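Presented below is the structure to which this report refers.
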2 protein chains.
Amino acid sequence: MFQASLRARSDHTNAVVTATGSMPEVAALEKIGTRMTLERGKALFHEGDPADHVYKVVNGAIRTSRLMSDGRRYVLDFLFPGDFVGINEDSVRTMTAEAICETVLMRYPRRLFEAVVEEDRGLGRLVYAALCDGLASAQDRMLLLGRKTAIERIASFLLMMADRRPDGRVELPMTRADIADYLGLTVETVSRILSQLKAEGVIAMREPTRIVLVRRAKLESLADGA
Amino acid sequence: MFQASLRARSDHTNAVVTATGSMPEVAALEKIGTRMTLERGKALFHEGDPADHVYKVVNGAIRTSRLMSDGRRYVLDFLFPGDFVGINEDSVRTMTAEAICETVLMRYPRRLFEAVVEEDRGLGRLVYAALCDGLASAQDRMLLLGRKTAIERIASFLLMMADRRPDGRVELPMTRADIADYLGLTVETVSRILSQLKAEGVIAMREPTRIVLVRRAKLESLADGA
DNA sequence: CGCATAGTTGAACTCTCTCAACAGCCGTGG
DNA sequence: CCACGGCTGTTGAGAGAGTTCAACTATGCG
């Protein structure tokens with residue numbers, strides 16, 4: 001009955017959404033959940049597996065992806081603390097979920113999770129909002145993939161990642177290959193364009209995983225095509 | 001609270017979903033709906049408009065799209081009879097919806113629509129399933145846009161369109177430009193590849209809008225990369 | 001009949017990919 | 001402690017898929 005990994009954030013419904021961790025409705029959830037840890041690179045589940053659990057990222061980061069028969073990969077999403085994984089999957093997984101770094105998750109049996117959601121209006125709305133949010137960001141990405149140039153994609157990506165962390169600093173726990181597969185580019189192009197942005201002084205990058213948005217306005221205009 | 005146009009089909013929940021038109025829960029909806037007609041090319045709403053109605057396509061076809069500041073367009077979806085339009089929009093439209101041919105719609109005030117959905121479990125599930133379905137197809141399209149070649153995209157598109165009509169015949173009410181903007185290609189490429197498929201005997205095409213899938217199996221292997 | 005719009009086809013160009021080499025980092029083990 | 005191999009990231013050069021520009025055809029509508 002479900003299909004994607006979800007993210008509950010502030011845009012829809014209201015502020016309640018972001019505060020998941022401390023909301024009363026979560027109590028009902030926590031009762032049925034168990035904590036688990038996943039090492040970097042380990043899979044939470046694979047395409048084709050039975051979808052009998054729902055997860056929430058507590059710490060770390062998850063990457064969801066799909067594989068084509070010839071090995072081409074597409075990264076559907078990166079999930080960070082607070083995001084749900086595996087909600088909205090049908091009975092069978094349509095994607096693979098792997099930890100891109102040491103990751104802590106809460107794991108809920110799907111039946112129970114759905115029962116709780118069914119009972120609890122507030123949680124139901126939360127899940128619904130997460131679903132809407134997922135759809136909205138999927139649409140943003142379709143525009144990105146369908147019509148944006150490589151520079152525009154990278155700029156958009158950096159801004160998206162920056163939105164999750166308030167200051168200008170961006171942590172990129174994923175590899176260049178992950179970024180490439182997320183943006184529909186190749187590793188080389190990602191690397192080249194990051195270097196170019198660095199050379200132009202738009203971003204700073206001492207280590208490959210740590211980026212600082214130096215000229216955010218410039219990035220924003222680049223993201224939109226300028 | 002909403003963001004996209006939705007489509008309720010059979011995959012999720014159950015067969016009930018496809019039979020929308022004849023379901024009991026729809027009675028409640030029809031009470032609050034009014035019928036309307038839209039000429040070819042006319043807009044149902046524009047990006048930025050207040051989102052105070054939800055629509056259902058009765059007849060014809062709707063195209064939803066987004067525009068970038070420099071005029072690049074991306075077509076989010078084509079909506080056909082039975083599909084909902086404008087569900088899951090926030091208070092402001094994030095996309096433009098236009099009729100690609102003479103189109104009949106049912107129009108429901110959003111407040112009332114949401115109230116009915118809130119009341120009616122069955123309808124709620126229907127909307128929820130539609131949302132899941134929209135997300136699933138958005139994910140398919142991200143893979144398509146991110147990793148498929150032009151031929152693979154066209155083949156996938158033709159198969160998608162064919163799935164809506166049982167026989168091998170495909171009606172394409174949209175222009176080549178619409179298809180191009182939907183698949184992240186240019187008009188010329190779409191045209192060229194359709195010609196190529198025709199020359200190879202994979203499809204037949206007497207008029208640009210009518211296509212017959214002659215060798216469906218071939219198309220299917222093309223769609224996946226073979 | 002003539003103009004506007006949609007579709008097709010050709011040729012040149014370009015952005016991104018592919019292939020290849022190299023650099024940097026890290027953990028393992030001698 | 002350093003050498004080594006493996007993995008990730010960077011950079012260069014050449015190739016190619018799809019775009020851009022342009023001309024032409026077909027279709028429909030006044």
Side-chain angles (χ1 to χ4, degrees), chain A residues 39-41 63 68 70-75 98 100-102 144-155 157-158 170-200 203-211 222 225, chain B residues 39-41 63 68 70-75 98 100-102 144-155 157 171-200 203-211 222 225:
Chain A
E39 286 172 50
R40 175 195 150 106
R63 169 191 69 223
M68 285 178 67
D70 62 356
R72 273 175 284 176
R73 189 182 70 154
Y74 180 69
V75 169
E98 290 151 309
I100 57 184
C101 54
E102 179 100 358
L144 179 147
L145 295 167
R147 286 289 173 242
K148 289 194 179 180
T149 65
I151 304 172
E152 289 163 4
R153 294 183 201 199
I154 298 281
F157 176 73
L158 291 175
V170 183
E171 284 287 331
L172 301 179
M174 68 292 286
T175 66
R176 296 290 189 259
D178 290 338
I179 299 174
D181 287 343
Y182 183 74
L183 298 178
L185 300 170
T186 57
V187 200
E188 295 92 330
T189 302
V190 171
S191 186
R192 261 187 264 275
I193 288 178
L194 285 174
S195 299
Q196 181 191 327
L197 289 174
K198 181 182 170 184
E200 290 168 354
I203 61 172
M205 172 172 60
R206 313 212 120 209
E207 306 153 68
T209 61
R210 282 173 206 281
I211 289 179
L222 280 176
Chain B
E39 286 173 50
R40 174 195 150 107
R63 170 190 69 224
M68 286 179 65
D70 61 357
R72 272 175 285 176
R73 188 182 69 154
Y74 180 69
V75 168
E98 290 151 310
I100 58 183
C101 56
E102 179 101 358
L144 179 147
L145 294 167
R147 285 291 173 240
K148 289 194 180 180
T149 64
I151 303 172
E152 291 163 3
R153 294 183 201 198
I154 298 283
F157 177 73
E171 284 287 332
L172 300 179
M174 68 293 285
T175 66
R176 295 291 189 260
D178 290 339
I179 299 174
D181 287 344
Y182 182 73
L183 298 178
L185 300 169
T186 58
V187 200
E188 295 92 329
T189 302
V190 171
S191 187
R192 260 186 264 275
I193 287 177
L194 285 174
S195 299
Q196 181 191 327
L197 290 174
K198 182 182 170 184
E200 291 169 351
I203 62 172
M205 173 172 58
R206 313 211 120 211
E207 307 152 67
T209 61
R210 282 172 206 281
I211 289 179
L222 280 176

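Source: prediction; values computed, not measured. In what follows, every chain begins at residue 1, and chains take the letters A, B, ... in the order their sequences are listed. All heavy atoms count here, side chains included; hydrogens, waters and symmetry mates do not.
- Rounded to an integer number of Å, the gap from Leu194(B) CG to dG7(C) C1' is 10 Å.
- The two atoms that bring Lys198(A) and Met205(A) nearest to each other are NZ-O, 3.2 Å, heavy atoms only.
- If you measure from atom CG of Asp178(B) to atom C1' of dG7(C), you get 13 Å, rounded to the nearest angstrom.
- Contacts of Gly41(A) with the nucleic acid, taken as non-hydrogen atoms under 4.0 Å apart, are absent.
- In this structure, Ile211(A) places its CD1 atom 14 Å from C1' of dT10(D), rounding to the nearest Å.
- Taking each heavy atom of Arg176(A) and Val187(A) in turn, the nearest pair found is CB-CG1, 3.6 Å.
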Query - Protein-to-nucleotide contact annotation, 5' to 3' order, nucleotides 21-30 of chain D [B base; S sugar-phosphate only; - none; under 4.0 Å, heavy atom] - result: B---------
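- Contacts of Thr175(B) with the nucleic acid, taken as non-hydrogen atoms under 4.0 Å apart, involve only primed sugar atoms and P, OP1 or OP2.
- Note that the CG atom of Leu183(A) and the CD atom of Glu152(A) stand 12.0 Å from one another [nearest 0.5 Å].
- The side chain of Ser195(A) contributes an N or O atom lying less than 4.0 Å from OP1 or OP2 of dT11(D).
- Judged as a side-chain hydrogen bond (donor to acceptor under 3.5 Å, both in side chains), and not counting sequence neighbours, Glu188(B) has no contacts.
- How far CD of Glu102(A) is from CZ of Arg40(A): 11.0 Å, rounded to the nearest 0.5 Å.
- For Ser191(B), whose side chain is taken as the heavy atoms from C-beta onward, the closest listed nucleotide among dT18(C), dT8(C), dG18(D) is dT8(C).
- Ile179(B) has its side chain within reach of Met174(B): a pair of non-hydrogen atoms, C-beta onward, lies under 4.5 Å apart.
- Across the protein-nucleic acid pair, Leu145(B) atom CG and dG18(D) atom C1' stand 15 Å apart, rounded to whole Å.
- Arg72(A) has its CZ atom 13 Å from the C1' atom of dA17(D), to the nearest Å.
- Considering only side-chain atoms of Val187(B), the nucleotide from dT8(C), dG18(D), dT16(C) that sits closest is dT8(C).
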Anything under 3.5 Å between a donor and an acceptor, one on a side chain of residues 190-197 of chain B, the other on a protein residue two or more places apart or in another chain? List them.
unit_1: Ser195(B); atom_1: OG; unit_2: Ser191(B); atom_2: O; d: 2.9
unit_1: Gln196(B); atom_1: NE2; unit_2: Glu200(B); atom_2: OE2; d: 3.4

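- Atom NZ in Lys148(B) sits roughly 18 Å away from atom C1' in dG18(D) (whole-Å rounding).
- Rounded to an integer number of Å, the gap from CG of Leu185(B) to P of dT16(C) is 15 Å.
- Both Arg147(A) and Arg176(A) lie near DNA chain D, and the one whose nearest nucleotide falls closer to the 5' end is Arg176(A).
- Within 4.0 Å of Thr189(B), counting heavy atoms only, lies at least one base atom of the nucleic acid.
- Per the geometry, CE belonging to Met205(B) stands 13 Å off C1' belonging to dT9(C), to the nearest Å.
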